[in-house]
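Have a look at the structure below, then the notes.
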Amino acid sequence: MFANQLFENYENFKEPKLLNRRFKHKDILPLMVNRNTDIFKITKIGKSFEDREIFMLKTGRGKRKILLWSQMHGNESTATKAFFDIFNFFENPGILQKETTEIINSCTLYFIPMLNPDGAERFQRRNAQDIDINRDALRLQSPEGHLLMKYRDIINPEFGFNLHDQDIWYSAGRTKFPATISFLAPAFDSGKTMNQSRKKSMQLIVKMTEALQNFIPHQIGRYSDDFMETAFGDNIQKKGTSTILIESGGFIGDIEKQVVRKLNFTAILQALYSVSKNNFEKKSVSDYESVPLNKKNILFDFILKNVAITKNGKTYTADIGIRSRSLTEKDIYEVGDIGDLSQNFAYFEINLNHKQINDISIGQNADYLIDKYFNNPNPV
Ligand SMILES: [Zn+2]
């Protein structure tokens with residue numbers, strides 16, 4: 001199966017210059033302008049609010065047009081990394097040459113990596129205007145959002161891939177399993193009407209979930225399809241482009257999202273191959289609907305269970321949930337919840353069996369608790 005071959009041979013394609021989440025425009029610039037121009041046509045399509053150049057890389061000569069854009073939110077960099085792996089794949093597919101040729105002959109692919117370079121510079125969601133580009137699809141006051149819609153309209157692609165990262169605390173259903181990859185075929189109206197275009201998004205998602213099932217059983221989620229008037233996915237779907245949202249979530253121990261990147265690489269290429277083989281249109285919408293819905297805030301990074309907390313001279317039992325927060329330069333950990341967290345889960349848990357911790361409150365820095373209980377070989 002193609003997806004298995006992609007996954008097994010991934011190291012041949014992985015872009016070695018992008019190994020963390022906080023790379024910037026200057027890091028990807030040489031990886032765009034120095035590419036093999038026999039394979040990719042590279043065009044400067046515009047600039048961000050702070051004048052960073054935004055590029056489009058085009059490959060293929062087929063009828064089926066597919067537009068893919070990443071990192072509309074500046075701190076959601078996983079799919080950008082996967083794009084560069086995909087570019088390497090198209091340039092040197094190795095034993096997958098036959099499949100690559102099929103994709104290239106059937107499809108024309110348009111990639112826009114890092115749509116929000118100013119946000120990436122600060123490792124923040126919003127652009128330099130402090131606009132959330134994904135709420136600017138109607139007014140188009142951000143140069144980046146304007147650019148995306150302009151090229152959507154020029155290309156008028158059959159498929160659109162809207163690539164994001166979601167909080168790592170989403171679970172796939174109300175379970176302990178993180179939603180490592182989540183999909184959505186966005187609605188184009190508040191009635192969540194089904195039409196042929198949206199149905200194709202769902203069918204292609206089913207192909208991708210089948211491809212990933214071997215690698216992350218239980219860890220695939222479905223994002224809520226509540227219609228958002230001002231979001232890009234919803235509006236691009238409305239224009240008749242079958243749109244697919246992929247949200248890269250958490251995976252145990254994968255802080256820099258290298259595993260999730262590999263899953264993106266696999267899922268996206270599987271989708272492109274499925275379009276070129278036209279083998280997704282028999283998939284059923286009910287298979288899409290059976291993917292568990294994402295549940296927000298079920299997970300924590302860490303939970304300390306059964307802590308005897310002492311405050312104001314009184315002692316009580318509670319669990320302490322800890323979550324990371326991403327700043328421009330690094331992540332910090334904070335106390336996210338205190339109380340009965342027996343219905344929650346964490347990537348890492350420890351039972352403190354009524355060991356005492358003094359004076360703790362929500363929002364407090366928790367780095368010292370992690371060092372003491374999780375980074376210490378003999379914690380309790
Ligand atoms: Zn996002």
Side-chain angles (χ1 to χ4, degrees), residues 21-25 28 48-49 54 67-83 111-149 152 160-172 178-187 201 205 220-237 243-251 254 256-257 260-261 263-264 267-268 293-297 299 323-328 331:
R21 289 173 295 150
R22 285 180 174 79
F23 56 87
K24 297 181 178 177
H25 184 257
I28 64 164
S48 69
F49 190 75
I54 297 171
L67 174 64
L68 309 94
W69 60 96
S70 74
Q71 215 167 345
M72 164 190 289
H73 292 138
N75 58 353
E76 300 177 9
S77 61
T78 303
T80 302
K81 287 184 286 198
F83 272 8
F111 294 89
I112 306 176
M114 195 186 272
L115 185 67
N116 178 6
D118 302 346
E121 197 68 21
R122 300 160 172 83
F123 202 63
Q124 69 177 23
R125 178 181 175 90
R126 290 167 185 259
N127 77 350
Q129 299 160 289
D130 271 339
I131 289 177
D132 181 339
I133 298 172
N134 207 21
R135 303 290 179 269
D136 189 38
L138 295 180
R139 200 169 275 178
L140 299 175
Q141 291 301 295
S142 62
E144 302 87 358
H146 183 262
L147 205 56
L148 175 59
M149 200 56 102
R152 193 319 308 171
F161 283 76
N162 183 16
L163 303 168
H164 291 255
D165 284 54
Q166 69 181 2
D167 289 344
I168 64 169
W169 316 303
Y170 276 93
S171 55
T180 302
I181 294 282
S182 297
F183 293 103
L184 170 66
S201 310
I205 287 171
I220 302 171
R222 185 163 52 100
Y223 211 82
S224 156
D225 67 350
D226 288 346
F227 178 62
M228 283 204 284
E229 272 87 355
T230 56
F232 270 89
D234 309 55
N235 280 285
I236 289 178
Q237 186 83 279
T243 305
I244 288 157
L245 173 81
I246 304 180
E247 294 274 0
S248 292
F251 184 88
D254 190 29
E256 297 302 336
K257 296 219 169 171
V260 191
R261 159 199 194 163
L263 295 164
N264 264 257
I268 293 168
L293 274 171
N294 267 342
K295 296 286 177 200
K296 199 174 165 73
N297 289 338
L299 298 175
R323 289 203 173 109
S324 53
R325 187 150 71 89
S326 291
L327 307 180
T328 299
D331 300 334

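Numbering of ligands and ligand atoms starts at 1, following listing order.
Of all N, O or S atoms in H73, the one lying closest to the Zn ion (ligand 1) is ND1.
Vertex the Zn ion (ligand 1); arms to E76 OE1 and H164 ND1; angle rounded to 10 degrees, 100°.
Rounded to the nearest 0.5 angstrom, I112 CD1 and Q71 CD are separated by 13.0 Å.
Taking the six-membered ring for Trp and thresholds of 30 and 60 degrees, Y170 and Y223 have ring planes inclined between 30 and 60 degrees apart.
A side-chain contact (heavy atoms from CB on, under 4.5 Å) with T78 is found for exactly one of K257, E247, H164, namely K257.
Taking backbone and side chain together, D165 holds no N, O or S atom under 2.8 Å from the Zn ion (ligand 1).
At least one donor-acceptor pair under 3.5 Å links the side chain of R22 to the backbone N or O of T328.
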